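Remember, it's 1-based here, ligands and their atoms both numbered in the order they're listed. Given the structure is predicted, the values throughout are model-derived calculations rather than measurements.
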Amino acid sequence: MTVLVRSGVGPLCAVARAAIPSIWRGKYFSSGNEPAENNPVTPMLRHLMYKIKSTGPITVAEYMKEVLTNPAKGYYVYRDMLGKQGDFITSPEISQIFGELLGIWFISEWMATGKSTAFQLVELGPGRGTLVGDILRVFTQLGSVLKNCDISVHLVEVSQKLSEIQALTLTEEKVPLERNAGSPVYMKGVTKSGIPISWYRHLHDVPKGYSFYLAHEFFDVLPVHKFQRTPQGWREVFIDIDPQVSDKLRFVLAPSATPAEAFIQHDETRDHVEVCPDAGVTIEELSQRIALTGGAALVADYGHDGTKTDTFRGFCGHKLHDVLIAPGTADLTADVDFSYLRRMAQGKVASLGPIKQHTFLKNMGIDVRLKVLLDKSNEPSVRQQLLQGYDMLMNPKKMGERFNFFALLPHERLEGGRHQRNARQSKPFASLVAGFSELAWQ
Ligand code: SAH
């Protein structure tokens, strides 16, 4: 498939995107039972076996955390896993339209909440920086709307490698970055469009203030605890060394209750559940910030509303990968439980969604945007790429139904709608927020 040439930064141009491989991370995969035909002893496997031998079996959450973000050997820390040469592909890497519509969503929220004189755009897990780049292009194009607004960009990223790629994507090479590995703000610079940009390892280090937060395919990489219902009650799944096969890991059940069980709902009806305390902590922090200083958060990911069971899976080279084989060489992920995110936001901010990606993008005007780009392009390969990207994002059998949008907003944002509503209207408040209703974007 052809790779597009970056043909300009104008609002009507098609921007370069990689060819689209056939797999994305939202695909379902049951883990742990695959044969160990190919089980190289990776440095991470050695590290984990040493750890288990010294202190005993580890939780799935600890396993995920070590494998993905261990500062010395973690999968995310030193590699670029995105795109055709990597392990998986994400929506912003597939089509520029995705980021453009998200940029419009943030501007729409900024306008709806009184056009503050400044805001921070904060992205959690920015990958290659492609999404924030597309959003900033929209901000530049709508410069006349945003001209009196001071914008700054704040990226929360644990990966040294990806932060370097983000800097290359978003800043001018000739303008040196300020670096301080020991500081919570480990890198600082200015974007190509002249906006201050900073990098952090943790959300809590990002300055508090009126902010728009974005998390695309971020929550699914946060560590999950897994539980199995047994006649004795819930038992947590641990990872241990297989006593029968050398250098192999296996799943085992804890013999007694473990503390993370507290995260399971009392009325839970499933027999197997995954819980993600780190997702809860992040949503609480986002909710507190939004309640305190205003703004909004947009979360997009694959997931469910408290219905799925075993979704822990691995990806390597655009193929599904056994999660226990060659740890450190493959991405690990679990579906996001949006019902849990909603519970963690409750009482602090209002939440909208989850709604399906195809509905959100349709409401945001993806068809109009596609038509504009197609009308503007005479190059058959560019047109083909745009159409294929659209199909991948929107087709219910592809990313259209697997991916969801979820938003956090201050209560006043939706209560404002209540006053504006005619008492006889029965439309939900959500109709006032772009993307979550057809009406909002007409
Ligand atoms: N949002 C991007 C990338 C998704 S991959 C896209 O859609 O293309 C997940 C991203 O989260 C990567 O940038 C990874 O380095 C980052 N990440 C993973 N764990 C993290 C953590 N605990 N804190 C901050 N960033 C993390």
Exercise. Can you list the residues that meet the ring-ring contact (aromatic ring centres under 6.0 Å, His included) rule with Phe227, with sequence neighbours excluded?
Worked result: none
Exercise. Which ligand 1 atoms are under 4.0 Å away from a heavy-atom of Thr69?
Worked result: 19 (N)
Problem set entry | Test: Asp367 and Lys371 ion pair at under 4.0 Å | no
Problem set entry | Numbered atoms of ligand 1 (with element) below 4.0 Å of Leu162, judged on heavy atoms | 12 (C), 13 (O), 15 (O)
Seminar exercise, completed: Only one of Thr333, Asp335, Thr311 passes side-chain hydrogen bond (donor to acceptor under 3.5 Å, both in side chains) with Tyr302, and that residue is Thr333
For this session: Give the atoms of ligand 1, by number and element, whose distance to some non-hydrogen atom of Thr90 is under 4.0 Å.
Result: 6 (C), 7 (O), 8 (O)
For this session: Could you name the option among Gly125, Gly74, Gly99 that has the heavy atom nearest to atom 1 (N) of ligand 1?
Result: Gly125
For this session: From atom 4 (C) of ligand 1, work out which of Gln160, Lys161, Glu217 has a heavy atom at the shortest distance.
Result: Glu217
Problem set entry | Output field: ring centroids His154/Tyr200 closer than 6.0 Å | yes
Exercise. So, are Lys308 and Glu274 salt-bridged, with charged N and O less than 4.0 Å apart?
Worked result: no
For this session: Indicate, with yes or no, if the rings of Tyr210 and Phe119 have centres closer together than 6.0 Å.
Result: no
Exercise. Is the ring centre of His358 less than 6.0 Å from the ring centre of Phe403?
Worked result: no
Exercise. Are the aromatic ring centres of Phe360 and Phe436 under 6.0 angstrom apart?
Worked result: yes
Problem set entry | Numbering as shown, the atoms of ligand 1 that approach Val156 to under 4.0 Å (heavy-atom distance) | 24 (C), 25 (N)
Exercise. For ligand 1, is any non-hydrogen atom under 4.0 Å from Glu123's backbone (N, CA, C, O), its side chain (CB onward), both, or neither?
Worked result: side chain
Exercise. Can you list the atoms of ligand 1 that are under 4.0 Å from a heavy atom of Ser159?
Worked result: 15 (O)
Exercise. Is it true that Lys65 and Asp278 make a salt bridge, defined as a side-chain N closer than 4.0 Å to a carboxylate O?
Worked result: no
For this session: Please say whether Glu157 places an N or O atom under 3.5 Å from an N or O atom belonging to ligand 1.
Result: yes
Exercise. For ligand 1, which atoms, with element, lie under 4.0 Å from some heavy atom of Gly127?
Worked result: 2 (C), 3 (C), 13 (O)
For this session: Check ligand 1 against His216 and write out every atom of the ligand that is under 4.0 Å from a heavy-atom position of the residue.
Result: 1 (N), 2 (C), 4 (C), 6 (C), 7 (O)
Exercise. Which bit of Pro92 gets closer than 4.0 Å to ligand 1, counting heavy atoms only: side chain, backbone, both or neither?
Worked result: side chain
Exercise. Where on Val158 is there a heavy atom closer than 4.0 Å to ligand 1, on the side chain, on the backbone, on both, or on neither?
Worked result: both
Exercise. Counting from 1, what ligand 1 atoms have a heavy atom of Val221 closer than 4.0 Å?
Worked result: 18 (C), 19 (N)
